Amino acid sequence: MKIVFATNNAHKLKEVRHILGDTIEVLSLKDIGCDVDIPETGTTLEENARLKAEYIWQHYHCSVFADDTGLEVEALNGAPGVYSARYASMEGAISPMSPISPMSHDSEANMARLLRELGENNNRRARFRTVFALLLKRDVCPCGCTSIKEEHLFEGIVNGEITRERSGKEGFGYDPIFRPDGYDKTFADMGEEEKNKISHRGRATQKLCEFLRENERLRK
């Protein structure tokens with residue numbers, strides 16, 4: 001089975017392909033010739049995941065899944081949340097829809113802002129949450145001349161805390177300052193295999209993978 005993952009993020013692709021293995025061929029946006037920066041204008045993770053998947057569905061007419069991930073920090077009322085990837089570039093902005101600076105998606109700047117805002121606050125509780133939106137092309141008749149769109153959502157959550165200093169060189173994003181519950185090291189201190197077993201994206205991907213495998217089994 002082939003399916004499009006609506007991203008060109010090399011880290012995400014590697015992580016998801018590693019988890020899905022050889023049973024499902026995952027294509028990137030580059031693989032299908034899509035070089036558009038799909039707008040993420042939603043106010044929730046679910047909305048952004050749907051927007052990205054829907055764009056590919058409308059323009060390429062194929063099964064697709066897309067994700068959005070947010071780091072939700074308790075002491076910051078759930079921020080940065082849906083704006084995690086561009087948190088630093090939004091500092092001082094009038095609204096989330098204000099023009100984005102060249103610092104957008106700058107992981108170091110994002111971590112610096114988060115640590116600065118938390119300061120000496122002893123409440124470091126946080127969670128990573130990933131949402132996948134899957135749009136599955138379902139043929140209505142044997143010849144495939146008519147198809148319908150099925151939509152499914154999958155969520156993965158990992159709880160933990162924000163450390164006071166960066167640690168580790170693996171991973172990406174906020175990984176160097178997020179320590180999951182039950183561990184004495186950050187995501188960035190873990191190897192890929194260890195992280196995938198417990199990560200938010202890993203958990204959401206496992207749910208997605210199980211669904212797709214079951215779907216394939218029922219079609220045979």
Side-chain angles (χ1 to χ4, degrees), residues 5-21 26 28 40 44-45 48-49 52 65-91 100 102-132 154-209:
F5 183 8
T7 187
N8 274 325
N9 185 304
H11 295 291
K12 289 184 180 181
L13 282 166
K14 182 179 179 181
E15 198 169 43
V16 168
R17 284 169 173 165
H18 180 79
I19 294 170
L20 291 176
V26 181
S28 68
E40 298 179 39
T44 67
L45 301 179
N48 275 345
K52 289 183 280 188
F65 63 90
D67 79 311
D68 200 19
T69 293
L71 174 64
E72 301 170 346
V73 180
E74 188 174 289
L76 301 180
N77 298 315
V82 70
Y83 307 113
S84 294
R86 51 194 172 114
Y87 196 46
S89 63
M90 291 172 54
E91 192 166 13
I100 303 304
M103 291 175 60
S104 182
H105 294 253
D106 185 326
S107 295
E108 284 298 320
N110 289 336
M111 285 189 287
R113 179 184 177 186
L114 181 62
L115 291 174
R116 183 170 62 252
E117 292 188 341
L118 270 180
E120 297 304 313
N121 194 322
N122 289 324
N123 180 6
R124 318 291 291 191
R125 297 299 301 164
R127 69 176 187 173
F128 267 122
R129 188 164 71 93
T130 289
V131 175
F132 277 105
F154 305 90
E155 181 186 62
I157 294 174
V158 60
N159 294 301
E161 62 181 12
I162 303 300
T163 58
R164 296 182 185 274
E165 296 180 353
R166 297 166 178 76
S167 178
K169 298 185 181 299
E170 301 295 325
F172 55 99
Y174 295 90
D175 284 358
I177 60 172
F178 182 83
R179 181 166 55 225
D181 287 348
Y183 290 79
D184 60 359
K185 53 187 175 181
T186 69
F187 269 164
D189 287 315
M190 296 181 179
E192 181 180 336
E193 185 172 352
E194 183 178 15
K195 178 189 170 184
N196 283 344
K197 289 179 179 178
I198 64 166
S199 77
H200 44 297
R201 185 172 293 107
R203 289 171 176 173
T205 304
Q206 290 290 356
K207 293 177 183 179
L208 172 70
C209 181

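As the structure is a computational prediction, the values presented were derived from the model and not from experiment. The basis for the numbers below is simple: all heavy atoms, side chains too, and nothing from hydrogens, waters or symmetry mates. For this chain, numbers begin at 1 and follow the sequence in order.
Tyr87 places none of its side-chain heavy atoms less than 4.5 Å from the side chain of Leu71. At a threshold of 4.5 Å between non-hydrogen side-chain atoms, the residues Thr163 and Ile177 count as touching. Arg116 places a side-chain heavy atom less than 4.5 Å from the side chain of Arg113. Two residues are said to be in side-chain contact when any heavy atoms from C-beta on lie closer than 4.5 Å; Val158 and Phe178 meet this criterion. Within the 4.5 Å cutoff, side-chain heavy atoms of Met190 are placed close to those of Pro180. For the pair Asn121/Leu76, no side-chain contact is recorded, criterion being any heavy-atom separation below 4.5 Å from C-beta on. Annotation: side chain of Phe128 is not in contact with side chain of Arg203 (no heavy-atom distance under 4.5 Å).
Across every non-hydrogen atom of Leu45 and Val82, the tightest pair is CD2-CA, 3.8 Å. Heavy atoms only, all atoms of each residue included: Ala204 and Phe132 are closest at CB-CD1, 3.5 Å. Taking each heavy atom of Asn159 and Ile157 in turn, the nearest pair found is OD1-CG2, 4.1 Å. Nearest approach of Ala188 to Ser167, heavy atoms of both residues: CB-O, 3.3 Å. Of all non-hydrogen atoms in Tyr174 and Pro80, the two that sit nearest each other are OH-CG, 3.7 Å. What you find for Ser84 and Gly70 is that their closest heavy atoms are OG-CA, 3.5 Å.
With values rounded to the nearest 0.5 angstrom, Thr186 atom OG1 is found 9.5 Å from Lys195 atom NZ. Distance check, rounded to the nearest 0.5 Å: OG1 of Thr69 to CZ of Arg129 gives 9.5 Å. Asp189 contributes atom CG, which lies 13.0 Å from atom OH of Tyr183 (distance to the nearest 0.5 angstrom). Within the model, atoms CG of Leu208 and CZ of Phe5 stand 9.0 Å from one another, a figure rounded to the nearest 0.5 Å. Atom CD of residue Glu192 and atom OG of residue Ser199 lie 10.0 Å apart, to the nearest 0.5 angstrom. Atom CD1 of Ile162 is separated from atom CG of Leu118 by 6.5 Å, given to the nearest 0.5 angstrom.
Ionic pairing of Asp181 and Arg127 is not present here: no N-O contact between side-chain nitrogen and carboxylate oxygen is shorter than 4.0 angstrom. By the 4.0 Å N-to-carboxylate-O rule, Glu120 lies close enough to Arg164 to be salt-bridged with it.
At distances below 3.5 Å, not a single donor-acceptor pair connects side-chain atoms of Asp175 with backbone N or O atoms of Phe187. Under a 3.5 Å cut-off, the side chain of Asn77 and the backbone N or O of Ala79 do not form any donor-acceptor pair. Without hydrogens or angle criteria, Asn110 side chain to Ala85 main chain gives a donor-acceptor distance under 3.5 Å.
Listed by chain and residue number, nothing satisfies the side-chain hydrogen bond (donor to acceptor under 3.5 Å, both in side chains) test with Glu170 (two or more places apart in sequence, or in another chain). Glu193 is linked by a salt bridge (charged side-chain N to carboxylate O under 4.0 Å, His left out) to nothing, counting only residues two or more places apart in sequence or in another chain. For Arg201, the salt bridge (charged side-chain N to carboxylate O under 4.0 Å, His left out) partners two or more places apart in sequence, or in a different chain, are Glu15, Asp67. Evaluation of the salt bridge (charged side-chain N to carboxylate O under 4.0 Å, His left out) rule for Glu194 yields Lys185 as partners, not counting sequence neighbours. The side-chain hydrogen bond (donor to acceptor under 3.5 Å, both in side chains) test applied to Arg179 returns Glu161, not counting sequence neighbours. For Glu108, the salt bridge (charged side-chain N to carboxylate O under 4.0 Å, His left out) partners two or more places apart in sequence, or in a different chain, are Arg166.
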